[in-house]
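Written out below as structure tokens is the structure these notes cover.
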Amino acid sequence: MVLPSSDIRKAGERALARLDGLQSDGSVETKQQLNEALQLLVAMRDGLIESRRAGAPVDEWLSRTNGILSSLFGTEFPKGGLQWKRVCESRERLRDLLHQ
């Protein structure tokens with residue numbers, strides 16, 4: 001698999017660092033860190049889209065990043081608190097993607 005640019009990977013690593021620092025308490029700080037991780041993953045995804053448009057073979061990275069984003073966006077639904085298991089699974093999928 002072709003690796004994306006270092007800027008794209010750095011955004012992913014920064015998102016992973018935010019996810020690694022999360023607590024399962026659902027506090028305001030946790031939600032803020034989750035939001036920061038999501039923003040970094042969106043930046044990663046956008047970079048992958050640009051790379052793909054430029055002809056880089058990053059389809060697998062893009063597909064997997066979209067899946068991680070979708071999973072994380074749904075971690076607070078249904079309302080009633082943070083779905084910690086889903087956060088952990090998403091974090092591990094991102095770790096696998098970045099460190100393969």
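- Residues Leu22 and Trp84 come closest through the heavy atom pair O-CH2, 3.6 Å.
- Applying the side chain to side chain donor-acceptor pair (under 3.5 Å) test to Glu50 and every residue at least two apart in sequence or in another chain returns nothing.
- For the salt bridge (charged side-chain N to carboxylate O under 4.0 Å, His left out) test, no residue two or more places apart in sequence or in another chain qualifies with Arg45.
- Scanning for side chain to side chain donor-acceptor pair (under 3.5 Å) contacts around Glu92 gives Arg95, with sequence neighbours left out.
- Contact record, Arg9 with Leu98: O-CD2, 4.1 Å, taken as the closest heavy-atom pair.
- For Glu89, the side-chain contact (heavy atoms from CB on, under 4.5 Å) criterion is met by Lys85, not counting sequence neighbours.
- For the atom pair CG of Leu34 and CG of Leu19, the computed distance is 7.0 Å after rounding to the nearest 0.5 Å.
- Two residues are said to be in side-chain contact when any heavy atoms from C-beta on lie closer than 4.5 Å; Arg64 and Gln100 meet this criterion.
- The closest side-chain heavy-atom distance from Leu69 to Met44 is not below 4.5 Å.
- If you take OG on Ser71 and CG on Leu41, they are separated by 11.0 Å, rounding to the nearest 0.5 Å.
- Not counting sequence neighbours, the partners of Asp25 by the side-chain contact (heavy atoms from CB on, under 4.5 Å) test are Gln23, Ser27, Thr30.
- Taking Ser63 as the reference, nothing meets the side-chain contact (heavy atoms from CB on, under 4.5 Å) condition, with sequence neighbours excluded.
- Remark: Ala43 engages no residue in a side-chain contact (heavy atoms from CB on, under 4.5 Å) (not counting sequence neighbours).
- In this view, Asp46 satisfies the side chain to side chain donor-acceptor pair (under 3.5 Å) rule with no residue, not counting sequence neighbours.
- Between Leu94 and Leu72 the shortest side-chain heavy-atom distance does not fall below 4.5 Å.
- With rounding to the nearest 0.5 angstrom, the CZ atom of Arg18 is 5.5 Å from the CG atom of Leu40.
- If you take OG on Ser90 and CG on Leu16, they are separated by 11.5 Å, rounding to the nearest 0.5 Å.
- Qualifying salt bridge (charged side-chain N to carboxylate O under 4.0 Å, His left out) partners for Arg91, counting only residues two or more places apart in sequence or in other chains: Asp20.
- A search for side chain to side chain donor-acceptor pair (under 3.5 Å) contacts involving Asn35 returns nothing, not counting sequence neighbours.
- For the residue pair Gln39 and Arg14, no side-chain donor N or O sits within less than 3.5 Å of a side-chain acceptor on the partner.
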